[in-house]
Amino acid sequence: MREQRLYIWCIRHSLDPTGYPYLCAEAYNPDEEEDDMESRVIHPKTDDQRNRLQEACKDILLFKNLDPEQMSQVLDAMFEKLIEGGEHVIDQGDDGDNFYVIDRGTYDIYVKCDGVGRCVGTYDNRGSFGELALMYNTPRAATIIATSPGAVWGLDRLTFRRIIVKNNAKKRRMYENFIESLPFLKSLEVSERLKVVDVIGTKVYSDGEQIIAQGDMADCFFIVESGEVRITMKRKSKQDAEENGAVEIARCFRGQYFGELALVTNKPRAASAFALGTVKCLVMDVQAFERLLGPCMEIMKRNIANYEEQLVALFGTNMDIADPSA
Ligand code: CMP
Ligand code: CMP
């Protein structure tokens, strides 16, 4: 019995320093694990690689809540992988080995439904994928196929779990109650709301800083955690915009969301958003938005009708914000 226990201990510790329960049923508690210096992975990099890596990781939401020491360990552990056009970077159903941050290249996301793969989205020279299998110890949930030659930065499963999953436990403690209190997420199950917490990153904006620019392509969604956000809109024609400038159309406060419209309609940003004073937002990327917030879409779509009414009152037109042909 003692020998068997020792064997289990060895396997746990040699395979996974976060203590992920491979062979035993005890609950996983990342906070109980010591930071094990021996498990640090370092892939040496040239200056050019380090610069490209830093640039690629700058907006990765899963890295946003890491402290500088954790971030430097993540950057040390990442390795470059060149990708050929047509290559399957991940296959649905496989075990998870690495998390990937895109350095360059375009990638399609396929999810099998009744045995048939359907393209549910794309990555265009930025973003990250491959976190789900590592976070929840599940098989890969999608297939990722390169549609051009490219490169990604890999982060091994052990380092991902030791740092990111541990950090997520902290994030859950910080944001669980806040996320629980948001009326527009009421249609989500508790477990789905926790998954929202796992993928969000926090961003802080200073007074006057632009958060969204009207006309830009959209890749994320925002929930105000603190502060006040001013939404402004320019009229459609350039001449009108120059004559009239931007008009304030709304304000968003703690618990309110913005930046969903472009993701729902697949159109450029309909309006701009600016911080009024210091603003802290929870931010979710478009892939997580589509994967996790489907059940909340009805509420969001109903809100678009309110936007349109508001715009008719202000401008005499709904500005075609929800019209796919406009
Ligand atoms: P993982 O399941 O580890 O491997 C496939 C990855 O595809 C997954 O993590 C996500 O990072 C990414 N992905 C993007 N869109 C989806 C989606 N709609 N469903 C599942 N995975 C997705
Ligand atoms: P999006 O178009 O992605 O980016 C700008 C955001 O402003 C938009 O999503 C909405 O979330 C928000 N917004 C608030 N009021 C309005 C409105 N009346 N019309 C359009 N967008 C609005």
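Taking Ile, Leu, Val, Met, Phe, Trp and Tyr as members and joining any whose side-chain heavy atoms lie under 4.5 Å apart, directly or through other members, the hydrophobic cluster of F129 also contains I83, V89, I90, Y100, I102, Y107, I109, V111, V120, Y123, I144, V152.
Looking at R52, R50, K45 one by one, the single match for salt bridge (Lys or Arg N to Asp or Glu O under 4.0 Å) with E80 turns out to be R52. Each of D285, D219, D103 was checked for a salt bridge (Lys or Arg N to Asp or Glu O under 4.0 Å) with R126, and the lone residue meeting it is D219.
Salt-bridge formation is detected for the pair K81/E87: a Lys NZ or Arg NE/NH1/NH2 atom is positioned less than 4.0 Å from an Asp or Glu carboxylate oxygen.
Side chains of T278 and D207: a donor-acceptor N/O pair is absent below 3.5 angstrom, by distance only. Using modelled atom types and a 3.5 Å distance limit, the side chains of Q73 and R162 yield a donor-acceptor pair. For the 3.5 Å distance criterion, the side chains of N303 and N306 qualify, holding a donor opposite an acceptor.
Of the possible polar contacts, one joining the T143 side chain to the Q92 backbone as a donor-acceptor pair under 3.5 Å is found. Remark: the backbone N or O of A246 is not paired with any side-chain donor or acceptor of T232 at under 3.5 angstrom. A donor-acceptor pair under 3.5 Å is formed between the side chain of R193 and the backbone N or O of L185. A donor-acceptor pair under 3.5 Å links the side-chain atoms of N125 to the main chain of G105, judged by distance alone. In this structure a side-chain-to-backbone donor-acceptor pair under 3.5 Å is missing from R230 to A250. When atom types are taken as modelled, the side chain of Q70 and the backbone of D67 share a donor-acceptor pair closer than 3.5 angstrom. For the pair S272 (side chain) and Q214 (backbone), a donor-acceptor distance under 3.5 Å is present. A donor-acceptor pair under 3.5 Å links the side-chain atoms of R161 to the main chain of L134, judged by distance alone. For E290 (side chain) and Q287 (main-chain N/O), no donor-acceptor pair under 3.5 Å exists by modelled atom type. Looking at S226, its side chain never comes within 3.5 Å of a backbone N or O of V279 through a donor-acceptor pair.
For the pair G201 and K64, the tightest heavy-atom approach, listed with the atom from each and the gap, is CA-CB, 4.1 Å. Heavy atoms only, all atoms of each residue included: A275 and I211 are closest at N-CD1, 3.9 Å. Summarising the geometry of K171 relative to I200, their closest heavy-atom pair is NZ-O, 2.6 Å, with the distance given to 0.1 Å. Closest heavy-atom contact between K267 and D320: NZ-O, 2.5 Å. Of all the heavy atoms in A218 and L263, the pair that sits closest is CB-CD2, 3.8 Å.
For D91, the side-chain hydrogen bond (donor to acceptor under 3.5 Å, both in side chains) partners at least two apart in sequence or on another chain are H88. Partners of M174 by side-chain contact (heavy atoms from CB on, under 4.5 Å), not counting sequence neighbours: none found.
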Between E225 and Y175, does the side chain to side chain donor-acceptor pair (under 3.5 Å) criterion hold? Intermediate values first, please. CA-CA 10 Å; E225 188 195 343; Y175 292 114; 3.3 Å; yes
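Between F184 and Y257, the distance from one ring center to the other falls under 6.0 angstrom.
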